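Everything quoted here is computed from the prediction, not taken from an experiment. Values below: all heavy atoms of this structure, side chains included; hydrogens, waters and symmetry mates excluded.
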Amino acid sequence: QVQFVEAGGGLVEPGESLTLSCTASTSVINLLPMAWYRQTPTKQREWVAQITRPESTNYPDSVKGRFTISRDTAKNTVYLQMNNLRPDDSGLYYCNSHPPTQKYWGQGTQVTVSS
């Protein structure tokens with residue numbers, strides 16, 4: 001059974017950076033269009049970065065220019081580099097296929113941006 005494991009979250013101050021990782025138990029992650037999603041207590045889960053096959057990336061306006069998604073196929077891992085973080089970037093971050101596949105939801109990794 002495929003598992004996606006997210007890591008790299010933490011507590012940072014506004015303007016700082018974090019890099020999240022999403023590692024799969026199999027190479028299926030290398031074959032799928034993947035995305036990072038963010039969920040907060042007050043908002044529905046939203047996608048914040050997408051990487052397709054062949055490789056191209058897309059971002060919503062809210063993170064464009066600050067977030068970068070990338071893939072390392074040798075490590076079965078997808079990354080999310082987040083720069084110039086803002087308090088409204090706080091949330092539980094997940095990776096999944098795009099569109100998402102129910103069975104691939106993991107535990108997520110918490111990002112908190114606060115001074």
Side-chain angles (χ1 to χ4, degrees):
Q1 183 175 349
V2 177
Q3 285 189 311
F4 292 164
V5 179
E6 300 93 348
L11 172 63
V12 296
E13 294 188 354
E16 293 186 336
S17 300
L18 277 175
T19 301
L20 308 183
S21 64
C22 169
T23 302
S25 53
T26 75
S27 60
V28 68
I29 197 172
N30 301 329
L31 305 175
L32 297 170
M34 292 294 297
W36 282 94
Y37 300 83
R38 174 171 71 200
Q39 186 164 25
T40 69
T42 57
K43 292 176 68 175
Q44 285 188 324
R45 192 176 289 167
E46 59 179 346
W47 71 276
V48 296
Q50 178 196 6
I51 187 166
T52 61
R53 297 289 291 168
E55 309 293 73
S56 69
T57 58
N58 294 291
Y59 307 91
D61 289 344
S62 58
V63 308
K64 195 173 293 184
R66 301 188 299 120
F67 288 13
T68 303
I69 188 172
S70 61
R71 193 198 301 261
D72 186 336
T73 57
K75 296 181 179 180
N76 294 345
T77 299
V78 174
Y79 299 97
L80 184 66
Q81 172 69 41
M82 305 186 294
N83 297 326
N84 192 21
L85 282 161
R86 309 185 308 211
D88 61 358
D89 293 319
S90 298
L92 193 56
Y93 283 71
Y94 301 86
C95 67
N96 202 322
S97 59
H98 188 78
T101 302
Q102 183 62 35
K103 65 182 178 180
Y104 291 159
W105 289 117
Q107 298 299 309
T109 187
Q110 179 68 39
V111 172
T112 303
V113 185
S114 176
S115 54

Original post:
In Å and rounded to the nearest 0.5 Å, what is the CD1 to OG1 distance from Ile29 to Thr23?
Top reply: 7.0 Å
Subject >> Gln107 versus Glu6, closest heavy-atom pair with distance >> reply: N-OE1, 3.6 Å
Original post:
Judged by modelled atom types alone, do Ser115 and Glu13 share a side-chain donor-acceptor pair under 3.5 Å?
Top reply: no
Original post:
Is the number of heavy atoms from other residues, nucleotides or ligands within 6.0 Å of CD (Gln39) greater than 12?
Top reply: yes
Subject >> Check: Asn58 side chain, Gln50 main-chain N or O, donor-acceptor pair, under 3.5 Å >> reply: no
Original post:
Do Glu16 and Leu85 come within less than 4.5 Å of each other through their side chains, counting heavy atoms only?
Top reply: no
**OP:** Answer with yes or no after comparing the ring centroid distance for Trp105 and Tyr94 against a 6.0 Å cut-off, counting only values under it.
**Re:** yes
Subject >> Flag side-chain contact, heavy atom, 4.5 Å: Thr68 against Tyr59 >> reply: yes
Subject >> Contact summary for Val113 and Arg86, nearest pair of heavy atoms >> reply: CB-O, 3.3 Å
Subject >> For Thr101 against Ser97, the heavy-atom pair lying closest together >> reply: OG1-OG, 2.8 Å
**OP:** Measure the spacing between OH of Tyr79 and OG1 of Thr19 and express it to the nearest 0.5 Å.
**Re:** 9.5 Å
**OP:** Give a yes or no on this: more than 12 heavy atoms of other residues, nucleotides or ligands lie within 6.0 Å of atom CD of Gln3.
**Re:** no
Subject >> Non-hydrogen side-chain atoms of Val78 and Ile69 separated by less than 4.5 Å >> reply: yes
Subject >> Passing option when Met82 is tested against Asp89, Val48, Leu20 for side-chain contact (heavy atoms from CB on, under 4.5 Å) >> reply: Leu20
Original post:
Are Met34 and Phe67 in one and the same hydrophobic cluster, where Ile, Leu, Val, Met, Phe, Trp and Tyr link if side-chain heavy atoms are under 4.5 Å apart?
Top reply: yes
Subject >> Heavy-atom closest pair, residues Gly8 and Leu18 >> reply: O-CD2, 3.7 Å
Subject >> Arg38: which of Leu92, Val63, Asp88, Leu80 passes side-chain contact (heavy atoms from CB on, under 4.5 Å) >> reply: Val63
Original post:
About how many Å separate CD1 of Ile51 and CG of Leu32, when rounded to the nearest 0.5 Å?
Top reply: 12.0 Å
Subject >> Non-hydrogen atoms of Ser17 and Gln81 that approach each other most closely >> reply: CB-NE2, 3.9 Å
Original post:
If every non-hydrogen atom of Phe4 is compared with every non-hydrogen atom of Cys95, which pair is closest and at what distance?
Top reply: CB-SG, 3.7 Å
Original post:
Is a side-chain donor-acceptor pair under 3.5 Å present for Thr112 with Ser90?
Top reply: no
**OP:** Identify whether Tyr93 and Tyr104 are in the same connected component of the hydrophobic contact network (ILVMFWY, side-chain heavy atoms under 4.5 Å).
**Re:** yes
Original post:
Do we see a donor-acceptor contact under 3.5 Å between the side chains of Asn76 and Ser27?
Top reply: no
